[in-house]
Amino acid sequence: MRIHVTKKMAERLKKSGFEMSNSADKNSGSLGEWHANITTVQRRQCILFIHDQTRFSLALIGVTQKDLKELTSRFIDMLANTMLKLNFPVDLVERTLSLTGELSFDTQCCRSVQGTLRIAAADLESFTWDGSSIMDLAPYSLSARLCERPCSIKGMKQTEYLQPAQEMRKLLEQLPDAHIAID
């Protein structure tokens, strides 16, 4: 599955042994395209993933160098558990995971999605304003809360917005059944 990353995240991934593609892959997979950025909250590295079409958000908090090397498994774990936290049906979660393959990266970013990443980073930091430590927050609940906030995207009227969790569920329900993982 192709993830479009910011330059800052691309540098971190290269240090962990990942290769960057110079161009966007036209075959982004059944789950569509995603963007990712690395940010710091309370001196802890956090990676935010945003699904381009639905603005579904995942937040990996307290990311270490070891976590970066295991990024595909961390992404899949966060995706599955966030979906379960949002009360997605188990069969839908399993079907989604069967369509999720190894992550690959490029630096072909969309400014609209980068704007959503910036807002999600601010929202992530706002969860600590009451004095909570970012490391004490439940990671799956944190991602679920990011998915429940309304978002607008470029081209929408000012009075329109989408609910990322609802949009992702609609998208996933339209996907064909899969029996093996796509790599």
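Using a 4.5 Å heavy-atom threshold, the side chains of Pro89 and Arg169 count as touching. Put simply, the side chain of Asp106 does not reach to within 4.5 Å of the side chain of Ser104, judged on heavy atoms. Put simply, the side chain of Phe127 does not reach to within 4.5 Å of the side chain of Val41, judged on heavy atoms. Looking at heavy atoms from C-beta onward, Thr82 lies in side-chain contact with Phe56 at the 4.5 angstrom threshold. Counting heavy atoms from C-beta on, the side chains of Val90 and Glu94 come closer than 4.5 Å. Looking only at side-chain heavy atoms (C-beta outward), Val5 and His35 stay at 4.5 Å or farther from each other.
Heavy atoms from other residues, nucleotides or ligands lying under 6.0 Å from CD of Gln65 number more than 12. Shown here is Arg149, whose CZ atom has more than 12 heavy atoms of other residues, nucleotides or ligands within 6.0 Å.
Summarising the geometry, atom CG belonging to Leu146 is positioned 5.5 Å from atom OG belonging to Ser57; distances are rounded to the nearest 0.5 Å. How far CZ of Phe49 is from CG of Leu79: 10.0 Å, rounded to the nearest 0.5 Å. The CG atom of Asp77 lies 11.0 Å from the CD atom of Glu70; values are rounded to the nearest 0.5 Å. Note that OG1 of Thr96 is 3.5 Å distant from CE of Met83, once rounded to the nearest 0.5 Å. Within the model, atoms OH of Tyr140 and CE of Met78 stand 5.5 Å from one another, a figure rounded to the nearest 0.5 Å. Interatomic distance, Ile38 CD1 to Leu117 CG, rounded to the nearest 0.5 Å: 12.5 Å.
Put simply, Ile3 and Ile50 are part of two different groups of oily side chains (I, L, V, M, F, W, Y) that touch within less than 4.5 Å, one to the next. Note on Leu97: it clusters hydrophobically with Leu31, by side-chain heavy-atom contacts below 4.5 Å among ILVMFWY residues. Cluster membership check: Met135 does not share its hydrophobic cluster with Trp129, using side-chain heavy-atom separations under 4.5 Å among Ile, Leu, Val, Met, Phe, Trp and Tyr. Note on Leu48: it does not cluster hydrophobically with Ile76, by side-chain heavy-atom contacts below 4.5 Å among ILVMFWY residues. When the side chains of ILVMFWY residues are joined at heavy-atom separations under 4.5 Å, either directly or via intervening members, Leu60 and Phe18 end up in a single hydrophobic cluster.
When all heavy atoms are compared, the tightest approach of Ser143 to Ala59 is OG-N, 2.8 Å. For Ser16 against Lys69, the heavy-atom pair with the smallest separation is O-CG, 4.0 Å. Between Asp67 and Gly62, the shortest heavy-atom distance links the atoms OD2-O, 3.6 Å. The two residues Thr128 and Ser132 have their closest heavy-atom pair at CB-O, 3.4 Å. Looking at every heavy atom in both residues, Leu172 comes nearest to Arg95 through O-NH1, 3.6 Å.
A donor-acceptor pair is defined here as one N or O able to donate and one able to accept, closer than 3.5 Å; no such pair exists between the side chain of Ser141 and the backbone of Leu137. A donor-acceptor pair under 3.5 Å is absent between the side-chain atoms of Thr40 and the main chain of Arg43, judged by distance alone. In this structure a side-chain-to-backbone donor-acceptor pair under 3.5 Å is missing from Gln114 to Thr6. Between the side chain of Thr72 and the backbone N or O of Leu103, at least one donor-acceptor pair lies under 3.5 Å.
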Steps toward side-chain contact (heavy atoms from CB on, under 4.5 Å) verdict (Ile47, Leu71): CA-CA 10 Å; Ile47 297 178; Leu71 196 53; 4.0 Å; yes

*Between Leu58 and Trp34, is a side-chain contact (heavy atoms from CB on, under 4.5 Å) present by the stated rule, with each step listed?*
CA-CA 10 Å; Leu58 301 174; Trp34 292 75; 4.1 Å; yes

What do the steps show when you test His51 against Glu167 for side-chain contact (heavy atoms from CB on, under 4.5 Å), and what is the final call?
-> CA-CA 10 Å; His51 185 260; Glu167 294 298 318; over 6 Å; no

Test Ser133 against Gln42 for side-chain contact (heavy atoms from CB on, under 4.5 Å), laying out the working first. CA-CA 8 Å; Ser133 168; Gln42 294 179 338; 4.0 Å; yes

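Counting only N and O atoms by type, the side chains of Ser126 and Asp123 include no donor and acceptor under 3.5 Å apart. His4 and Glu33 share a donor-acceptor pair across their side chains, judged by distance under 3.5 Å alone. Side-chain contact of Ser112 with Arg55: a donor-acceptor pair under 3.5 Å is present, judged by distance alone.
The existence of a salt bridge linking Lys14 and Glu11 is excluded, since no basic side-chain nitrogen approaches an acidic carboxylate oxygen closer than 4.0 Å.
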